[in-house]
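To start, the structure itself, in structure tokens.
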Protein chains: 4
Amino acid sequence: MAETPPAPRRRDRAATRAALLDAARIRFAAQGFDGTGLREIAAQVGVDPALIARYFGSKRQLYAEAMHVEIPVGVAADPHRPVVSIADALLHDVVYQDWSAFGGEHPLLVMLRSAGHEAVRDQLRIQLCDGYLAEITDRLDGPDPALRAELIGALLIGMGVLRSVIGAPAMSGAPIDRTRVLAARMVDALT
Amino acid sequence: MAETPPAPRRRDRAATRAALLDAARIRFAAQGFDGTGLREIAAQVGVDPALIARYFGSKRQLYAEAMHVEIPVGVAADPHRPVVSIADALLHDVVYQDWSAFGGEHPLLVMLRSAGHEAVRDQLRIQLCDGYLAEITDRLDGPDPALRAELIGALLIGMGVLRSVIGAPAMSGAPIDRTRVLAARMVDALT
Amino acid sequence: MAETPPAPRRRDRAATRAALLDAARIRFAAQGFDGTGLREIAAQVGVDPALIARYFGSKRQLYAEAMHVEIPVGVAADPHRPVVSIADALLHDVVYQDWSAFGGEHPLLVMLRSAGHEAVRDQLRIQLCDGYLAEITDRLDGPDPALRAELIGALLIGMGVLRSVIGAPAMSGAPIDRTRVLAARMVDALT
Amino acid sequence: MAETPPAPRRRDRAATRAALLDAARIRFAAQGFDGTGLREIAAQVGVDPALIARYFGSKRQLYAEAMHVEIPVGVAADPHRPVVSIADALLHDVVYQDWSAFGGEHPLLVMLRSAGHEAVRDQLRIQLCDGYLAEITDRLDGPDPALRAELIGALLIGMGVLRSVIGAPAMSGAPIDRTRVLAARMVDALT
DNA sequence: TATGAATGAGCATTCATTCAT
DNA sequence: TATGAATGAATGCTCATTCAT
């Protein structure tokens, strides 16, 4: 892991910046925005807290940059790919992918934990609606494509919430395949 | 309003306690656990902040008590009521009910905003899984009833998140009936 | 002195407040607004720095309140008192009075040391022009009474600056009577 | 403007040094010693803040050098020039001259704004007493020439303070000639 | 010679809480 | 029982400065 102190990493702006982002992701995921202090992020990297202000401007901007993720290219590749396949890819991406760099969860779920802040909610909306769901909306025929896309997104987010935020027993323990089959059935019901 | 200072509410322990809970619900919902100060809650009721510690022990306990809700009796009444009807009732209860006493949202969604705190996550799990979802699980036949109940819960929670936490455009703007029909279709696909 | 820690002064809001103001005057006079920390003021009184925020709201407000002085009643008493007498009284008040509670200088001169802050300049203008100089203006006949009053004020302030801010040798060392006679001659030249 | 970044001024030590002094004068005058950051001075010139430490040693030394001014040669030229004429020349020099390179004020008045620092007070005393006032003292006959010179200096400084630090209404607004006539009368009363 | 990464001490302010009254 | 004075730790952030490069 890049965020452990062993490597002193002296005088390397890019590496220090990256290490700060890595450390920030872990702490923000575990303790939320308010529960995380800049001092502990800096301490984890082994640098002075003032560097964070220097590199990122403010705690808010550090958070925004740490939580930013690009939509995976594979998902958006084929414009004719069926919706159920897209949804399944997103389900795997959002809920079941290995997000250990973010403390084990997709940044959308991490951000949900700090959704008391309006700026965080804004970022959530942009990354979810303008990113993931736009891909689904584009591929849906029939009435209310945006609404149906959001319902799929709601299922996705809800599954993530139950699995990794709330820790609902069945969803956390059940084999992934069984769950994906059931989720796919729900998505199919919308098309 | 019970929480305005004009009425001194002198020497009425029960009424003061209730007023503190009401005020706490509003502020916690609007600003989250960390964003809300005990001073402002106390000020809204017109009492000294030390009284909160006296009545509730700590901020955390005040939060827990303020966010506690009982599952509506109507939902649990008939053990033979079909799942899709239960789910629709819960959808209405959780997502579309008037929760103005909680600042406009169901406490489950309010708590999700402060899910950075482990105690809040615990309370969420207990209220959602042991409360709402148990009712659904009991009525489901076939394999994996708990998992399917959680998927329904995921859809519910996700809809609430998109509607009132994230503010997704279609779900926030669409007429409620159209949304409920689509959600019912997803639930039906599981049975 | 009320600002020494010996007396614990426990649980006495008014006394603690007054002691904080006393300590603030001394430190602000000696080191200016920016050079003085709230920590040292609080330490001098023997209380926690958080009390300052509680009692005065902010460092700026503490400063404003600490530097506020009322115009001495004796000066404004007789509306027919000649200007040269008023000026002499003010000279004694502003420059030669024992202002040891303010570290040895009139608050107007103390504030001049922190005149880099606009709020301080505003307070200076209000206390000098609307306070002291208005009394002089009212008693001046002939043209430009306000301008002549301000010239008298300029002499006063300038004498204070040379004496206690700059430490000009002659004015600091000369016997007070000789200086007052000369200053009175300058004032007389304006009437 | 010499202090705008467009001109890279690469590898010209003397020009960079001068540009830093120019920028420092403007900022120190506008915001005082404490209110001015080395970063903003360096940024205005377009160089790294570390250069300031390299060229001037410290912020204090940069300030001292930036605020240093020579007494105008015209004033000291004729040893038989009458005092009232010298005083008027100084009044014009100190109070009414265009000091736009210093942000619009004579450095003595600028320094008065940062007189919370002892080093600044020392510099003030040296530049005022040993510079300007020595010229006046030399030309005064009769008793206490140094004291009378300081009283003239007090009037000068006081006028500057009221005009440009405090912003006294009459002195800031009145036509310069009327003010100079009145000031000359006060000076004459001392001879 | 000069850059810019990094420092560490310092700032005012906010908070839930405690304790004497 | 309840008030409110007082606490002390922690917050994000700014600063002049230093030290490798």
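Quantities reported herein were computed from a predicted structural model and do not represent experimental measurements. Order of the sequence lines fixes the chain letters, A, B, ..., with proteins taken first and strands second; residue numbering starts at 1 for each chain.
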Taking the side chain as every heavy atom from C-beta outward, state whether [X] and [Y] have any atom pair closer than 4.5 Å.
{"X": "D:Val69", "Y": "D:His106", "answer": "yes"}
{"X": "C:Val45", "Y": "C:Leu51", "answer": "no"}
{"X": "B:Val165", "Y": "B:Glu105", "answer": "yes"}

Original post:
So which one's nearest nucleotide on DNA chain E is more toward 5', D:Leu51 or B:Thr36?
Top reply: D:Leu51
Original post:
How long is the gap from CE on C:Met111 to CZ on C:Arg125, to the nearest 0.5 Å?
Top reply: 10.5 Å
Subject >> Distance test, side-chain N/O of D:Arg13 to OP1/OP2 of E:dA2, below 4.0 Å >> reply: yes
**OP:** Answer yes or no: does a side-chain N or O of C:Thr16 lie under 4.0 Å from OP1 or OP2 of F:dA6?
**Re:** yes
Using Watson-Crick or G-U wobble geometry with both distances under 3.5 Å, which nucleotide pairs with [N]?
{"N": "F:dG8", "value": "E:dC15"}
{"N": "F:dT14", "value": "E:dA9"}
{"N": "E:dT21", "value": "F:dA2"}

Can you identify which nucleotide, out of [options], has its nearest atom closest to the [X] side chain?
{"X": "B:Ala50", "options": "F:dG4, E:dT7, E:dA2", "result": "F:dG4"}
{"X": "C:Tyr55", "options": "E:dT13, F:dA6, F:dT17", "result": "F:dA6"}
{"X": "B:Lys59", "options": "E:dA16, E:dT13, F:dT17", "result": "E:dA16"}
{"X": "B:Arg54", "options": "E:dT7, E:dA16, F:dT1", "result": "F:dT1"}

Original post:
For D:Gly35 and A:Phe33, take the nucleotide of DNA chain F holding the closest heavy atom to each; which residue's nucleotide lies nearer the 5' end?
Top reply: A:Phe33
Original post:
When the nearest nucleotide of DNA chain F is assigned to D:Asp34 and to C:Asp48 on a heavy-atom basis, which residue is associated with the more 5' position?
Top reply: C:Asp48
Starting from [atom2] on [N], measure out to [atom1] on [X] and report it in whole angstrom.
{"X": "A:Gln61", "N": "F:dG12", "atom1": "CD", "atom2": "C1'", "answer": "13 Å"}
{"X": "C:Ile41", "N": "E:dT13", "atom1": "CD1", "atom2": "P", "answer": "11 Å"}
{"X": "D:Ile52", "N": "F:dA16", "atom1": "CD1", "atom2": "P", "answer": "9 Å"}
{"X": "C:Leu20", "N": "E:dA12", "atom1": "CG", "atom2": "P", "answer": "14 Å"}
{"X": "A:Asp12", "N": "E:dA6", "atom1": "CG", "atom2": "P", "answer": "7 Å"}
{"X": "D:Phe56", "N": "F:dT17", "atom1": "CZ", "atom2": "P", "answer": "13 Å"}
{"X": "C:Glu40", "N": "E:dA12", "atom1": "CD", "atom2": "C1'", "answer": "13 Å"}
{"X": "D:Arg60", "N": "F:dT17", "atom1": "CZ", "atom2": "C1'", "answer": "14 Å"}

Subject >> base_contact_polar (E:dA12 base, C:Arg39 side chain, donor-acceptor, <3.5 Å) >> reply: yes
**OP:** Look at the aromatic rings of A:Tyr63 and A:Phe28 and report parallel, tilted or perpendicular, splitting at 30° and 60°.
**Re:** perpendicular
**OP:** Could you tell me which non-hydrogen atom of D:Ala101 sits nearest to which non-hydrogen atom of D:Ile26, and how far apart they are?
**Re:** O-CD1, 3.6 Å
